[in-house]
Student: 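Handing you this structure, nothing more for now.
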Amino acid sequence: MKKIMALLMMALLLCCAFSGMVVANEEGEMVAVAEEGEKVVKISGDDWGYPTPFAHYPRGPGYIRMSFMFDTLTWKDEDRVIPWLADSWSASYDAKIWTFYLHRGVKWSDGEPFTADDVKFTFDYVKEHPQQLNYDEQNVDHVEIMDPYTVSIHLKESRPAFIEDVTGSIPIIPEHIWKDVDEPGKYRDDDAVIGTGPLKLVEYVPEQGYYEYEANTECFKGHPIIDLFISREVSNDAIALKAGDIDVASFWGKEIVAKEEFENDPDFEIITGPSWWVRKLYFNCEKYPTNIKEFRHALAYGIDREGFVKNVMHDGAIVANTGIIHPDSKWYKDDLPGYEYNNVTANKMLDELNFTDTDGNGVRNYPGGEDIEFVLFANTIMNAKDEAEYIHENLEKIGIKTEVRMMSSKEIDPILNTGEFNIAISGHGAIVQPRKLYTFYSYKNDEYNELYEKQLKTTKEDVRKECVGDMQTIIADDLPVYALYHPLMWEVYNPDKLDTWFYTKDGIAVGIPIAQNKLIFLFDPWRYDANEDGIIDESEVDDATQDYDDGKITSEQLDMVSNLYYP
């Protein structure tokens with residue numbers, strides 16, 4: 001029977017070889033069959049939800065898959081904020097009114113025109129129906145349409161970083177589709193994925209983490225340089241990459257061992273990123289005994305973070321900033337307490353709290369005599385079982401018993417949000433800038449919240465840096481979470497399939513540390529070394545001309561480079 005199925009599948013594949021169809025292979029997995037001459041790029045990935053602004057899973061990979069289709073007013077290239085749906089913008093002196101001059105001629109992927117009405121509709125709509133990531137949308141008082149291609153966004157309070165924090169993150173949606181949608185999180189019609197971005201969704205199979213996109217040939221930023229883009233689950237990224245089943249793979253942290261397999265392989269190239277990500281030990285600050293700050297400090301002293309990085313991460317990470325923000329960020333504050341590994345200090349602090357081993361079984365007891373034992377919930381992201389076992393062993397040495405329980409992000413996040421835990425290991429990105437306390441779950445601190453609000457409103461960067469430094473000091477001292485490490489990241493890819501991969505400075509949108517910025521699908525004229533004003537000199541135009549002569553770029557792309565040259 002298996003041979004018959006294989007023969008039938010082979011026949012089907014042959015019949016479809018030039019049809020651009022999607023079929024299922026013998027194992028029931030989705031397989032895209034490209035038309036002759038089509039450029040197909042395949043990556044590995046999981047299911048991160050239906051890729052609309054309201055239905056994707058609220059973590060970075062979910063946002064990324066949505067962003068391929070939905071655009072924002074501004075965006076980021078490798079180094080800086082760039083115009084996108086808005087060609088330019090201006091702000092009032094107090095940063096409360098932001099005016100955007102929209103790009104003309106943009107069309108939604110169903111052919112309808114994009115106008116200022118869609119921008120106003122989006123900001124009005126998300127007040128009642130928040131999108132999956134937080135964009136400070138409730139600070140928008142109203143949006144005023146000046147003309148079909150000009151809008152002014154009036155804020156309730158000053159936001160000097162509005163461009164970085166909001167307009168480069170909130171996806172604009174088409175009014176003609178979403179105006180009658182009352183439950184956007186459940187909306188799954190084909191129209192739900194109509195956008196202005198470089199790709200269009202062809203197929204989504206959540207059970208297989210399968211996403212297939214095709215080029216949006218009418219994209220206002222030009223014809224994408226690929227025809228099909230596919231993300232799907234594979235059992236082993238390194239093996240799949242070597243076999244050609246995928247064309248690019250992301251490795252991070254302890255996966256440095258897998259990355260090293262490709263370092264001397266001429267068929268692959270590697271880029272390195274700082275990750276803007278942190279692994280943390282979460283404490284429930286409302287549940288006894290982790291609601292005691294000194295108890296949290298004691299556990300921190302009992303965890304060998306340097307040994308963790310060396311022995312568990314194989315030096316594929318750096319010891320984390322206890323104030324959370326990544327050391328490469330301009331907001332990073334140095335010299336915060338690190339709780340350097342010291343079991344003598346840990347044991348002394350626990351003894352002083354009257355958590356002693358009263359029955360001699362090696363486990364400390366509560367004052368009432370019961371053993372101190374926690375379930376150590378751990379997120380399976382980055383295969384964290386080894387990490388959890390390391391923490392388990394560290395805490396065992398100071399008399400704290402734990403039971404490791406592994407869970408996916410979808411399983412562990414509700415537990416963290418509802419407070420049904422004492423300690424847990426998880427992590428997240430977007431640590432390049434100050435964040436609200438929502439990432440710390442059970443922890444509340446009015447001083448931190450006041451500093452956060454103050455730094456949002458101030459137009460003086462030195463004042464903002466002082467506020468953000470004080471915020472980090474509060475977290476490092478109160479220790480609602482103990483930051484363990486910041487992983488390094490690597491993108492390993494076959495350059496013959498696509499060679500435009502890059503890590504975005506300060507992360508994509510709100511700080512997502514993934515090397516899948518949608519600019520990889522588009523021709524970037526700024527790669528010819530434009531200066532800070534976006535101007536290219538004559539020698540770069542000569543280089544582009546030579547690339548055109550060599551067949552590396554099209555005449556349209558040569559024109560794009562030439563248009564950036566001003567003698």
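Source: prediction; values computed, not measured.
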Student: Give a yes or no on whether the backbone of P198 and the side-chain of Y213 come within a donor-acceptor separation of less than 3.5 Å.
Tutor: no

Student: Decide if the gap between the ring center of F220 and the ring center of H103 is smaller than 6.0 angstrom.
Tutor: yes

Student: Looking at D189 and A192, would you say the former's side chain and the latter's main chain have a donor-acceptor pair under 3.5 Å?
Tutor: no

Student: Quick one, I512 with I64, criterion side chain to side chain contact (heavy atoms under 4.5 Å, CB included). Give me CA distance, side-chain angles, the key distance, then yes/no.
Tutor: CA-CA 8 Å; I512 298 167; I64 292 295; 4.0 Å; yes

Student: Does any N or O in the side chain of K76 come within less than 3.5 Å of the main-chain N or O of G168, such that one atom is a donor and the other an acceptor?
Tutor: no

Student: Between F268 and Y493, does the ring centre distance come in under 6.0 Å?
Tutor: no

Student: Say whether, by atom type as modelled, one donor and one acceptor occur between the side chain of S329 and the main chain of I325 under 3.5 angstrom.
Tutor: no

Student: Contact between I514 and P61 at the side-chain level, heavy atoms closer than 4.5 Å - yes or no?
Tutor: yes

Student: Answer yes if the ring centres of F229 and F521 are under 6.0 angstrom apart, and no otherwise.
Tutor: yes

Student: How far apart are the C-alpha atoms of R80 and T504, what are their side-chain angles, what is the distance that settles it, and do they pass the side chain to side chain contact (heavy atoms under 4.5 Å, CB included) test?
Tutor: CA-CA 8 Å; R80 58 186 181 270; T504 303; over 6 Å; no

Student: Does the gap between the ring centers of W48 and H56 come in under 6.0 Å?
Tutor: no

Student: To the nearest 0.5 Å, what is the distance between CD1 on I43 and OG on S250?
Tutor: 7.0 Å

Student: Between Y125 and F54, is the gap from one ring center to the other below 6.0 Å?
Tutor: yes

Student: Is there side-chain contact between I177 and P174, with heavy atoms separated by less than 4.5 Å?
Tutor: yes

Student: Please name the pair of heavy atoms, one in L241 and one in V248, separated by the smallest distance, quoted to 0.1 Å.
Tutor: CD1-N, 3.5 Å

Student: Salt bridge (charged side-chain N to carboxylate O under 4.0 Å, His left out) with D47: which of R59, R65, K410?
Tutor: K410

Student: So which heavy atom on S409 is nearest to which on N379, and how close?
Tutor: OG-ND2, 3.2 Å

Student: Any side-chain to backbone donor/acceptor pair from D247 onto K42? Under 3.5 Å, distance only.
Tutor: yes

Student: Parallel, tilted or perpendicular for H326 and W276, by the 30°/60° rule?
Tutor: perpendicular

Student: Would you say E212 and L199 make side-chain contact, with heavy atoms under 4.5 Å?
Tutor: no

Student: Between OG1 of T52 and CD of Q131, what distance do you get to the nearest 0.5 Å?
Tutor: 8.5 Å

Student: Could you check whether any side-chain N or O of K280 sits under 3.5 Å from a backbone N or O of H428, counting only pairs where one atom can act as donor and the other as acceptor?
Tutor: no

Student: Does K120 NZ have over 12 foreign heavy atoms under 6.0 Å away?
Tutor: yes

Student: Y204 and Y50: aromatic ring centres closer than 6.0 Å?
Tutor: yes

Student: Under a 4.0 Å N-O cut-off, is there an ion pair linking D506 with K330?
Tutor: no

Student: Could you state the interatomic distance from CZ (R435) to CG (D165), rounded to the nearest 0.5 Å?
Tutor: 8.5 Å

Student: Check the angle between the aromatic planes of W108 and F114 and answer parallel, tilted or perpendicular using the 30° and 60° thresholds.
Tutor: perpendicular

Student: Provide the closest heavy-atom pair for L102 versus T115 in the form atom of the first, atom of the second, distance.
Tutor: CD1-C, 4.0 Å

Student: Under 30°, 30 to 60°, or over 60°: which ring-plane class applies to Y390 and F308, parallel, tilted or perpendicular?
Tutor: perpendicular

Student: When rounded to the nearest 0.5 angstrom, what is the spacing between CG in N311 and CG in D386?
Tutor: 11.5 Å

Student: Decide yes or no for M69 and S109: does some side-chain heavy atom of the first lie under 4.5 Å from some side-chain heavy atom of the second?
Tutor: no

Student: How about W89 and P83: do any of their side-chain heavy atoms sit closer than 4.5 Å?
Tutor: yes

Student: Taking atom CD as the centre, does E263 end up with more than 12 heavy-atom neighbours from other residues, nucleotides or ligands that are less than 6.0 angstrom away?
Tutor: yes

Student: What closest approach, in Å, do A388 and M406 show between heavy atoms, and which atom pair accounts for it?
Tutor: CB-SD, 4.3 Å

Student: Tell me if a side-chain donor or acceptor on W501 pairs with a main-chain N or O of L498 at a distance below 3.5 Å.
Tutor: yes

Student: Answer yes or no: is there a side-chain heavy-atom contact under 4.5 Å between I153 and F162?
Tutor: yes

Student: Identify the heavy atoms of R232 and Y210 that sit nearest to each other, and give their distance.
Tutor: CB-CD1, 3.8 Å

Student: Determine, stepwise, if the pair Y149 / Y101 fulfils side chain to side chain contact (heavy atoms under 4.5 Å, CB included).
Tutor: CA-CA 6 Å; Y149 295 100; Y101 307 93; over 6 Å; no

Student: Any chance you could lay out the side chain to side chain donor-acceptor pair (under 3.5 Å) test for H176 and D110, step after step, and finish with the verdict?
Tutor: CA-CA 11 Å; H176 67 280; D110 63 357; 2.8 Å; yes

Student: I'd like to check the side-chain contact (heavy atoms from CB on, under 4.5 Å) partners of K242; sequence neighbours left out, ordered by chain and number.
Tutor: E261, F262, D265

Student: Is K221 positioned over the aromatic face of W75, cation under 6.0 angstrom from the ring centre and no more than 45 degrees off axis?
Tutor: no

Student: Is a side-chain donor or acceptor of Y503 paired with a backbone partner of W490 at a separation under 3.5 angstrom?
Tutor: yes

Student: Do the side chains of F502 and Q516 get nearer than 4.5 Å, heavy atoms only?
Tutor: no

Student: Would you say the side chain of V119 lies within less than 4.5 Å of the side chain of L73, judging by non-hydrogen atoms?
Tutor: yes

Student: Starting at CZ of F251, measure out to CD of E260 and round the result to the nearest 0.5 Å.
Tutor: 11.5 Å

Student: Check the side chains of S408 and T380 for a donor-acceptor pair under 3.5 angstrom, ignoring hydrogens and angles.
Tutor: no

Student: Does D227 reach the main-chain N or O of K39 with its side chain, forming a donor-acceptor pair under 3.5 Å?
Tutor: yes

Student: Measuring from T167:OG1 to F123:CZ, what's the distance to the nearest 0.5 Å?
Tutor: 7.0 Å

Student: Give the minimum heavy-atom separation between P53 and I173, together with the two atoms involved.
Tutor: CG-CG2, 3.9 Å

Student: Does the pair I230 and V41 meet the rule for a side chain to side chain contact (heavy atoms under 4.5 Å, CB included), with working shown?
Tutor: CA-CA 6 Å; I230 297 163; V41 178; over 6 Å; no

Student: Can a donor-acceptor pair be found, under 3.5 Å and without considering hydrogens, that links the side chain of Q546 to the backbone of D543?
Tutor: no

Student: Between E387 and K254, does at least one N-O distance fall below 4.0 Å, as a salt bridge requires?
Tutor: yes

Student: Return yes if a side-chain donor-acceptor contact under 3.5 Å exists between D559 and Y548, otherwise no.
Tutor: no

Student: Are N216 and H223 linked by a side-chain donor-acceptor pair shorter than 3.5 Å?
Tutor: no

